[in-house]
Amino acid sequence: MDFRELSKLAYDLRKDTVDMIVAGKGGHIGGDMSVMETLVTLYFDQMNISPENMNDPDRDLFVMSKGHSVEAYYAVLAKKGFLDIKEVNEKFSKFGTQYIGHPNNKLPGIEMNSGSLGHGLPVCVGMALAGKMNKKNYRVYTVMGDGELAEGSVWEAAMAGHQYKLDNLCAIVDRNRLQISGNTEDVMGHDDLHERFKSFGWHVIDVADGNSIEQLHAAFEEAKQTKGQPTVLIANTVKGKGSAVMEDKAAWHHHVPTQEEYEQIMKDFEERKEQL
Amino acid sequence: MNKIPNRKAICDVLLKEAETDKDIVVLCSDSRGSASLAPFADAYPEQFVEMGIAEQDLVSVSAGLAHCGKKAFAASPACFLSTRSYEQCKIDVAYSNTNVKLIGISGGISYGALGMSHHSAQDIAAMSAIPNMRVYLPSDRFQTAKLVEALLKDEKPAYIRVGRNPVEDIYTEDNCPFEMDKATVLTEGTDAAIIACGEMVRPALEAAKLLEKDGIHATVLDMYCVKPLDKEAIVKAASNAKVVVTAEEHAPFGGLGSMVSQVVGAECPRKVLNIALPDAPVVSGTSQEVFDYYGMNAEGIAKAVKDALK
């Protein structure tokens, strides 16, 4: 698929995601929307992963460190053929479901459980280290939220990623600048994120528009060419991306749209998609 | 007196197995010396990963390695491994079901005078409360070796706690009966059942000898498998006895004593006395000095049995 088609796909998956959240009466909608293009680029442009090779030791590995954005992840996994979107929508967040509000590896396509923040990067350091030890060529990816970077374990892993020269590891920060309590810079600021990762020995790529498939593609390609150190993409995204109803609004961290809001959001998605 | 600590017994097994099993990976948090794993790091540098003083990372990285087919052994002082890395143990190891063996070294009050920060009197309670986590406290070097050999054959998470100093042998090289997840019956008697784990097994056995002189016959169980607990052995030993005494190097809550009490209370009600560390910062001293102070020795255990029988 070309970039335009992938961009359109991201809007279709936004619709699936919002439907899931409305049906399940819960979900982290804001972060789902901001991370969508990152997931689409990884799963439909970058990673060597599919239901056919999900047990292949040479497959690329992905860990959703910001596990609360599981709805977007489910939508992408379903489109990729790992899950059935109809079943996910019916069962998400319901009593006894396996489609819970954070990733769990009982489901096909999900490598590791997450939900508690600051786990994805260190786990991926282990996976990337195993790749080096086993002389495999797979790549390892993880997406972290920007609020998540306050977890100390992230920085323990950042040190280890550099120490072991894990150039097969690529982290993405979904830099949407909002967390549950408000602006990230007011809660626990890190506007010097680029310098912080750089000082930890990482190759840092600023993605000016982290909701642009084209820009994300270019950044992932640059990461692949980077040798001797891990790469982090600082993807500058918009929380609630896709509709003015929820864009850049901290209150939409985990708000469930009303019927009226739902209709406006779906209309906005369609319009944005048409404009692509 | 034996001079080989249990931690060295672990290293010896790993050294031997790593010669042919290239999936074994040992990880330390600046703890290779404390863990007696320096010989492993020297012999197999490509199978050894140093994480620095970063215990959370130690556990998560182990989980990532295990997810990609490695047999990860994460060794760190039990105090840090069991509580500082607790969430990593819960999520990345137990919940994600990765093949990580967590080796808690210098457990209990091994670090004596270093104080509460270095004591791990909560690890049995903490680790046992995690679904899909097994908890083992081997009693001597021979049993430790058998346990590690057995753990190398499965792919499930486990936490193993060993002490810092050599402990007197319970078994011998040629006579170390071991069945995975089954307690070892050391003596049998119909007056009392003494159930112990880890470093408390030796004094439990000696207590039984002291009691024998007074005509009191005790069953002694080496309950190295704290989780899954060998309930069958507990019920059998307790049913055949008048009282039950547990002994462990742990806080008085949530450890072996609590677990045995649950089983005995439900299956074959008897008086149960728990010998454990106090619910307070532990007095400083060598392990033996501390154990003696709290009655966690042969005399103390024998006294508890006699008190219970009164």
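Given the structure is predicted, the values throughout are model-derived calculations rather than measurements.
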Student: Quick check: are there more than 12 heavy atoms from other residues, nucleotides or ligands sitting under 6.0 Å from NZ of A:Lys198?
Tutor: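 Incorrect, the count does not exceed 12.
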Student: So with a 6.0 Å cut-off around CG of A:Asn137, is the heavy-atom count from everything else above 12?
Tutor: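 12 or below, so no.
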Student: In terms of side-chain heavy atoms, does A:His119 have a donor or acceptor partner in B:Gln56 at a distance below 3.5 Å?
Tutor: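 Looking only at side-chain atoms, B:Gln56 and A:His119 do not form any donor-acceptor pair under 3.5 Å.
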Student: Would you please go through residues 116-137 of chain B and name the residues with a non-hydrogen atom below 4.5 Å from one of chain A, in numerical order?
Tutor: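 Residues in range: none.
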Student: Which residues in residues 58-67 of chain B have any heavy atom closer than 4.5 Å to a heavy atom of chain A?
Tutor: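 Within residues 58-67 of chain B, the residues that come under 4.5 Å of chain A (heavy atoms only) are B:Ser60, B:Val61, B:Ala63, B:Gly64, B:Leu65, B:His67.
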Student: Quick check: are there more than 12 heavy atoms from other residues, nucleotides or ligands sitting under 6.0 Å from CG of B:Leu114?
Tutor: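 Atom CG in B:Leu114 is crowded, with more than 12 foreign heavy atoms closer than 6.0 Å.
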Student: Drop me the distance from A:Glu156's CD to B:Glu55's CD, to the nearest 0.5 angstrom.
Tutor: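 Atom-to-atom, A:Glu156:CD and B:Glu55:CD are 7.5 Å apart.
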Student: Do other residues, nucleotides or ligands put more than 12 heavy atoms under 6.0 Å from the NZ atom of A:Lys79?
Tutor: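 Counting other residues, nucleotides and ligands, NZ of A:Lys79 stays at 12 neighbours or fewer.
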Student: Assess whether atom CD of B:Glu19 is packed by more than 12 heavy atoms of other residues, nucleotides or ligands within 6.0 Å.
Tutor: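 Result for CD/B:Glu19: open.
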Student: Counting neighbours of NZ on A:Lys25 that are heavy atoms of other residues, nucleotides or ligands and sit closer than 6.0 Å, is the number greater than 12?
Tutor: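 Result for NZ/A:Lys25: open.
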Student: Tell me, yes or no, whether the heavy-atom count around A:Met188 atom CE, taken from other residues, nucleotides or ligands under 6.0 Å, exceeds 12.
Tutor: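 No, because the 6.0 Å sphere around CE of A:Met188 holds 12 heavy atoms or fewer from other groups.
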Student: Backbone N or O of A:Pro122 within a donor-acceptor pair of the B:Asp57 side chain at under 3.5 Å?
Tutor: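 The answer is no, because no donor-acceptor pair under 3.5 Å joins these two groups.
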Student: With only heavy atoms counted, which part of B:Gln88 is less than 4.5 Å from chain A, the side chain, the backbone, both or neither?
Tutor: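 Contact with chain A involves both backbone and side-chain atoms of B:Gln88.
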Student: Is any side-chain heavy atom of A:Met112 less than 4.5 Å from a side-chain heavy atom of B:Thr98?
Tutor: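 Yes, side chains in contact.
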Student: Got a sec, which residues hit salt bridge (charged side-chain N to carboxylate O under 4.0 Å, His left out) with A:Glu111, two or more places apart in sequence or on another chain?
Tutor: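 If we apply the salt bridge (charged side-chain N to carboxylate O under 4.0 Å, His left out) test to A:Glu111, skipping adjacent residues, the hits are A:Arg59.
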Student: Please say whether more than 12 non-hydrogen atoms of neighbouring residues, nucleotides or ligands are located less than 6.0 Å from CD in A:Gln98.
Tutor: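 Buried by this count: over 12 neighbours within 6.0 Å.
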Student: Check whether any side-chain heavy atom of B:Glu50 lies under 4.5 Å from a side-chain heavy atom of A:Tyr164, and answer yes or no.
Tutor: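 Side-chain contact under 4.5 Å: yes.
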Student: Quick one: pull up CD in B:Glu87 and OG in A:Ser153 and give me the separation to the nearest 0.5 Å.
Tutor: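 These two atoms lie 8.0 Å from each other.
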Student: So which heavy atom on A:Leu61 is nearest to which on B:Cys68, and how close?
Tutor: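 Shortest heavy-atom contact: CD1-SG, 3.6 Å.
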Student: Flag the one option from A:Asn105, A:Val63, A:Val125 with the top tally of heavy-atom pairs under 4.5 Å to chain B.
Tutor: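 Answer, by heavy-atom pair count under 4.5 Å with chain B: A:Asn105.
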Student: If you count heavy-atom pairs under 4.5 Å with chain B, which of A:Asn134, A:Leu121, A:Asn104 comes out on top?
Tutor: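 Counting heavy-atom pairs under 4.5 Å, the top option is A:Asn134.
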Student: At a 4.5 Å cut-off on heavy atoms, which part of A:Lys136 comes close to chain B: side chain, backbone, both, or neither?
Tutor: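 Neither part; nothing is under 4.5 Å.
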Student: Residue by residue, which of residues 148-163 of chain B have a heavy atom closer than 4.5 Å to a heavy atom belonging to chain A?
Tutor: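 Near chain A, by residue number: none.
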Student: When you look at A:Leu129 and B:Lys70, which way does the side-chain contact (heavy atoms from CB on, under 4.5 Å) test go after all the steps?
Tutor: CA-CA 10 Å; A:Leu129 205 49; B:Lys70 296 296 185 188; over 6 Å; no
Student: Can you see which heavy atom on A:Ile100 is nearest to which on B:Tyr95, and at what distance?
Tutor: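 Minimum heavy-atom separation between A:Ile100 and B:Tyr95: CD1-OH, 3.6 Å.
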